[in-house]
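First comes the structure, then the notes that go with it.
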Amino acid sequence: MEPESILDFRTENEDILAARARSVTRENQIQLAIVLVGSENPKEVEEGAAILEEIVKDTIHSEDSRVCVHYLALAHARLQNYDKSVRLLDALLRTEPSNMQATELRRVVEKKMKREGLLGLGLLVGAAALIGGIVIASFALKK
């Protein structure tokens, strides 16, 4: 699996509609939330995250909780809430240190954080250079 492909998880609209049409059971709610996390629409990803958060609060079944926390971390990563994603993955890894999916997702999220941090820093430096150039040009024109 390519490093970024974990975050490229996508679901088709038909799958979302089918998941919404199912009866409301805990299992169907989890499936709906997972499908929404794969949506290209950020509002649907947020909806999926909200469903997963509610399930995690009410869950005592460790398997359901593990799955929900994993997809909740994925949702936050897809929404670029990287810090929250890492915190969730750290909590999951404290209880399941050998969880390879969580370990891999955490690695991908950290890589994405570093890349976007460097990109943000590059944009900031570029903007500062542009402003500096404009200031220097304005002084040169005044002479």
Side-chain angles (χ1 to χ4, degrees), residues 1-139 141:
M1 183 178 278
E2 291 296 315
E4 298 284 319
S5 64
I6 294 171
L7 299 182
D8 292 336
F9 170 68
R10 296 284 184 264
T11 338
E12 299 296 323
N13 280 338
E14 298 82 35
D15 295 331
I16 293 171
L17 293 173
R20 287 185 189 279
R22 293 186 191 112
S23 61
V24 180
T25 65
R26 175 184 220 67
E27 185 178 310
N28 288 347
Q29 284 298 101
I30 293 170
Q31 289 174 354
L32 172 61
I34 290 170
V35 168
L36 289 170
V37 166
S39 173
E40 295 200 32
N41 180 338
K43 293 289 184 198
E44 289 179 333
V45 176
E46 289 173 2
E47 181 185 353
I51 293 169
L52 290 168
E53 285 175 357
E54 284 302 312
I55 293 170
V56 167
K57 286 180 192 174
D58 299 334
T59 298
I60 54 174
H61 303 294
S62 62
E63 182 64 23
D64 284 351
S65 181
R66 182 188 67 74
V67 168
C68 290
V69 170
H70 176 80
Y71 280 98
L72 185 56
L74 178 61
H76 283 292
R78 293 196 67 229
L79 293 168
Q80 298 177 344
N81 300 332
Y82 301 123
D83 290 338
K84 189 164 188 173
S85 179
V86 168
R87 282 194 308 272
L88 288 164
L89 291 166
D90 285 345
L92 183 56
L93 288 167
R94 274 193 297 278
T95 59
E96 296 182 23
S98 61
N99 185 322
M100 295 309 293
Q101 286 180 317
T103 301
E104 179 64 13
L105 180 55
R106 190 178 193 292
R107 188 184 68 72
V108 169
V109 170
E110 284 182 331
K111 182 178 177 184
K112 192 88 165 162
M113 285 173 73
K114 286 177 186 172
R115 184 175 343 141
E116 288 188 11
L118 291 175
L119 178 63
L121 182 61
L123 290 174
L124 184 62
V125 169
L130 178 66
I131 291 170
I134 291 171
V135 169
I136 291 170
S138 68
F139 281 127
L141 290 175

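As the structure is a computational prediction, the values presented were derived from the model and not from experiment.
- Note that CG of D64 is 11.5 Å distant from CG of D58, once rounded to the nearest 0.5 Å.
- Under the 4.0 Å criterion applied to side-chain N and carboxylate O atoms, E54 and K57 are assigned as salt-bridge partners.
- Between atom CD of residue E46 and atom CG of residue L79 there is a gap of 5.5 Å, rounded to the nearest 0.5 Å.
- Taking the side chain as every heavy atom from C-beta outward, I34 and V67 approach each other to under 4.5 Å.
- Between the CD1 atom in I51 and the CD atom in Q31 there is a gap of 12.0 Å [rounded to 0.5 Å].
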Exercise. Dump the intermediate steps for salt bridge (charged side-chain N to carboxylate O under 4.0 Å, His left out) on E104 and R107, then the final yes or no.
Key: CA-CA 5 Å; E104 179 64 13; R107 188 184 68 72; 2.6 Å; yes
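- Rounded to the nearest 0.5 angstrom, N99 CG and R94 CZ are separated by 13.5 Å.
- By the 4.5 Å heavy-atom criterion applied to side chains, R26 and Q29 are not counted as neighbours.
- Across every non-hydrogen atom of L93 and A102, the tightest pair is CD2-CB, 3.8 Å.
- At least one side-chain heavy atom of R66 sits under 4.5 Å from a side-chain heavy atom of Q101.
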Quiz item: Between E44 and V35, is a side chain to side chain contact (heavy atoms under 4.5 Å, CB included) present by the stated rule, with each step listed?
Solution: CA-CA 9 Å; E44 289 179 333; V35 168; over 6 Å; no
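- Every residue two or more places apart in sequence or in another chain that forms a salt bridge (Lys or Arg N to Asp or Glu O under 4.0 Å) with D90 is listed here: R106.
- Judged as a side-chain contact (heavy atoms from CB on, under 4.5 Å), and not counting sequence neighbours, the contacts of E53 are L72, H76, K84.
- Every residue two or more places apart in sequence or in another chain that forms a side-chain contact (heavy atoms from CB on, under 4.5 Å) with A73 is listed here: S85, L88, L89, L105.
- Across every non-hydrogen atom of A75 and V37, the tightest pair is CB-CG2, 3.7 Å.
- Taking each heavy atom of V45 and S39 in turn, the nearest pair found is CG2-O, 3.3 Å.
- Here the closest non-hydrogen pair linking V109 and Y82 is CG1-CD2, 3.8 Å.
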